[in-house]
Amino acid sequence: MGLGWKLHGDGATVSSSTIVAPDERLSWGRTIGLGVQHVVAMFGATFLVPLITGFPPSTTLLFSGIGTILFLLITGNRLPSYLGSSFAFLAPIGAATKIGGIPLALSGIIVVGFLLALVGAIVHLAGAGWIDRLMPPVVSGAIVALIGFNLAPAARDNFTKAPVVALITLAAIILVTVLFKGLLGRLSIVIGVLVGYLAALIAGQVDLTKVASAPWIGLPTFTAPAFDPGQLAIYLGFVPVVLALVAENVGHVKGVGQLTGRDLTPLTGRALFADGVSTVLAGAGGGSATTTYGENIGVMAATRVFSTAAYWVAAIVAILLGLSPKVGMVISSVPAGVLGGATTALYGLIGVIGIRIWVENRVDFAKPKNQLTAGIALIMGIADFTFSFGGATFGGIIVGTVAAIVVYHLMDLVGRARGTDPATPPASDEARAATGAIPAEPRAD
């Protein structure tokens with residue numbers, strides 16, 4: 001598929017029995033509107049990542065847009081997706097920043113991007129069956145859940161800095177989610193942050209000095225990565241993120257394929273490779289790592305428009321926003337209390353999405369191997385178990401991830417050998433697609 005799109009019907013309407021396919025589009029006016037809608041949908045989660053990590057927001061938006069264009073090109077313009085900031089990186093970025101600042105964290109992002117691109121190349125050549133065998137639902141769900149719950153202390157720390165504003169922000173997110181349907185309900189994070197920001201302004205907690213002095217147009221701040229071979233433990237701390245990104249991308253392909261009625265499985269390797277390349281590029285320039293976004297799947301499901309043309313518009317809008325230092329300064333001015341309220345919801349959603357994977361894949365927790373796999377991994381992740389070996393220190397996410405994989409496969413192997421536990425068949429494509437197959441990003445829906 002090239003960059004040409006067929007006009008869908010009259011270009012103005014979509015019947016209840018049809019969809020606008022990836023290779024189709026509505027009129028350009030409507031397509032531009034849909035593209036802006038995708039920017040709004042991704043914005044709430046995407047701008048929070050640089051705020052939490054200390055990365056420049058404008059740089060993150062710029063590479064988010066560039067990454068989306070790369071994704072569309074590498075997947076042959078056949079897989080609609082927006083690449084927003086990944087929350088799966090927050091814990092390892094925090095650990096790396098404390099030791100070597102943002103440059104060391106960027107080098108960790110590049111390592112993850114390279115490994116993800118490598119996985120994508122392997123999947124493209126050998127298929128994705130081995131991913132299901134390595135990470136059955138009980139394992140993938142545990143990894144996604146512990147990534148979210150491991151971040152709970154960070155949410156608490158910001159919440160306690162301005163508890164009233166944090167509570168207002170959190171309450172707004174909850175109320176918007178339950179009061180509104182459709183797009184407004186999906187934008188609960190954005191609206192909650194806006195409400196919290198207004199409350200912080202009234203309380204005098206927002207410093208707008210830098211906003212006033214920032215120019216409307218200009219290049220964002222670029223930061224070069226700094227690799228340190230002596231920080232092996234830091235780099236190993238980033239490795240579990242690869243598994244979460246693999247799950248997210250596989251889930252995105254399955255979910256969009258189910259919604260469009262197309263077999264997009266052959267694009268899985270390309271999707272993984274594209275996200276890996278985008279993440280490497282972002283890390284090389286100082287932006288946040290990227291991933292496919294569940295929020296935008298929600299927009300497509302609601303509008304029935306799956307046109308990749310809308311994503312080209314969204315990518316261009318994001319790039320233009322990234323080229324406005326004033327926009328970046330407005331984002332940077334969001335105070336700790338607002339972050340505390342928003343991340344309390346977001347981190348909880350990430351953790352619950354892991355549990356949702358278990359529920360919708362019907363993981364049998366009557367089986368001891370599933371009980372111990374999930375239980376041990378969660379305790380190690382939530383309590384942030386830390387082990388030192390050879391001068392290197394490994395935190396709860398990597399320890400919990402390794403535990404989930406080792407405990408499951410060891411118990412599965414011994415159980416089958418002893419005849420005490422028959423082999424569990426892999427989840428069907430329908431079951432995986434029902435979850436968006438493991439979307440590890442926070443979603444308001």
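Along the sequence shown, the residues carry numbers beginning at 1.
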Between Tyr197 and Ser333, is any side-chain donor less than 3.5 angstrom from a side-chain acceptor?
yes

Just by modelled atom types, is the Ala342 backbone N or O under 3.5 Å from a matching donor or acceptor in the Thr169 side chain?
no

Donor-acceptor pair, side chain of Thr68 and main chain of Ala315, under 3.5 angstrom
no

So do the side chains of Val313 and Leu34 get within less than 4.5 Å of each other, counting heavy atoms only?
no

Only counting residues at least two apart or in another chain, list the ones meeting ring pair (Phe, Tyr, Trp, His ring centres under 6.0 Å) with Phe71.
none

Salt-bridge test for Arg262 and Asp23: reply yes if a basic N is under 4.0 Å from a carboxylate O, no otherwise.
yes

Supply the atom-to-atom distance Thr401 OG1 to Met380 CE, rounded to the nearest 0.5 angstrom.
11.0 Å

Which heavy atom of Gly283 sits nearest to which heavy atom of Leu106, and what is that distance?
O-CB, 3.5 Å

Taking atom CG of Leu321 and atom OG of Ser58, what is their separation to the nearest 0.5 Å?
8.5 Å

Heavy-atom closest pair (Phe63 atom, Gly285 atom, distance to 0.1 Å) is CZ-CA, 3.7 Å

Looking only at heavy atoms, the pair that brings Val211 and Lys326 closest together is O-NZ, 2.8 Å

Any side-chain heavy atom of Val239 within less than 4.5 Å of one from Val112?
no

Determine whether the side chains of Thr75 and Arg78 contain a donor N or O and an acceptor N or O closer than 3.5 Å.
no

Pairwise distance CD1(Ile66) to CG(Leu62) - rounded to 0.5 angstrom
4.0 Å

Test side-chain contact (heavy atoms from CB on, under 4.5 Å) applied to Val111 - qualifying residues, sequence neighbours left out:
Leu115, Phe227, Tyr235

Partner of Phe89 under side chain to side chain contact (heavy atoms under 4.5 Å, CB included), chosen from Val49, Val241, Thr291
Val241

Would the distance check show the side chain of Ser324 and the main-chain N or O of Trp216 forming a donor-acceptor pair, the cut-off being under 3.5 Å?
yes

Does a donor on one side chain and an acceptor on the other come within less than 3.5 Å for Ser81 and Thr292?
no

Where do Pro80 and Tyr311 come nearest, in terms of heavy atoms and distance?
CB-CE1, 3.5 Å

Looking at every non-hydrogen atom in both residues, tell me the closest pair between Thr60 and Ser288 and how far apart they are.
OG1-OG, 3.0 Å

Between Arg25 (side chain) and Ala309 (backbone), is there a donor-acceptor pair under 3.5 Å?
no

With under 30° as parallel and over 60° as perpendicular, where do the rings of Trp5 and Trp312 fit, or are they tilted in between?
perpendicular

After noting the C-alpha distance and the side-chain angles of Thr290 and Asp275, does the key distance pass the side-chain hydrogen bond (donor to acceptor under 3.5 Å, both in side chains) rule?
CA-CA 7 Å; Thr290 60; Asp275 192 11; 3.0 Å; yes

Any donor and acceptor pair, going by atom type alone, linking the side chain of Ser107 with main-chain N or O of Leu104 inside 3.5 Å?
yes

Would you say that more than 12 heavy atoms from the other residues, nucleotides or ligands in this model lie under 6.0 Å from the CG of Leu179, or not?
yes

Before you tell me yes or no, could you show the steps for His124 and Phe273 under ring pair (Phe, Tyr, Trp, His ring centres under 6.0 Å), namely the whole-Å CA-CA distance, both residues' side-chain angles and the distance that decides it to 0.1 Å?
CA-CA 9 Å; His124 186 68; Phe273 182 81; 8.9 Å; no

Trp358 side chain vs Val363 backbone, donor-acceptor pair below 3.5 Å:
no

Closest non-hydrogen atom pair between Ile234 and Ala96, with its separation:
CG2-CB, 3.7 Å

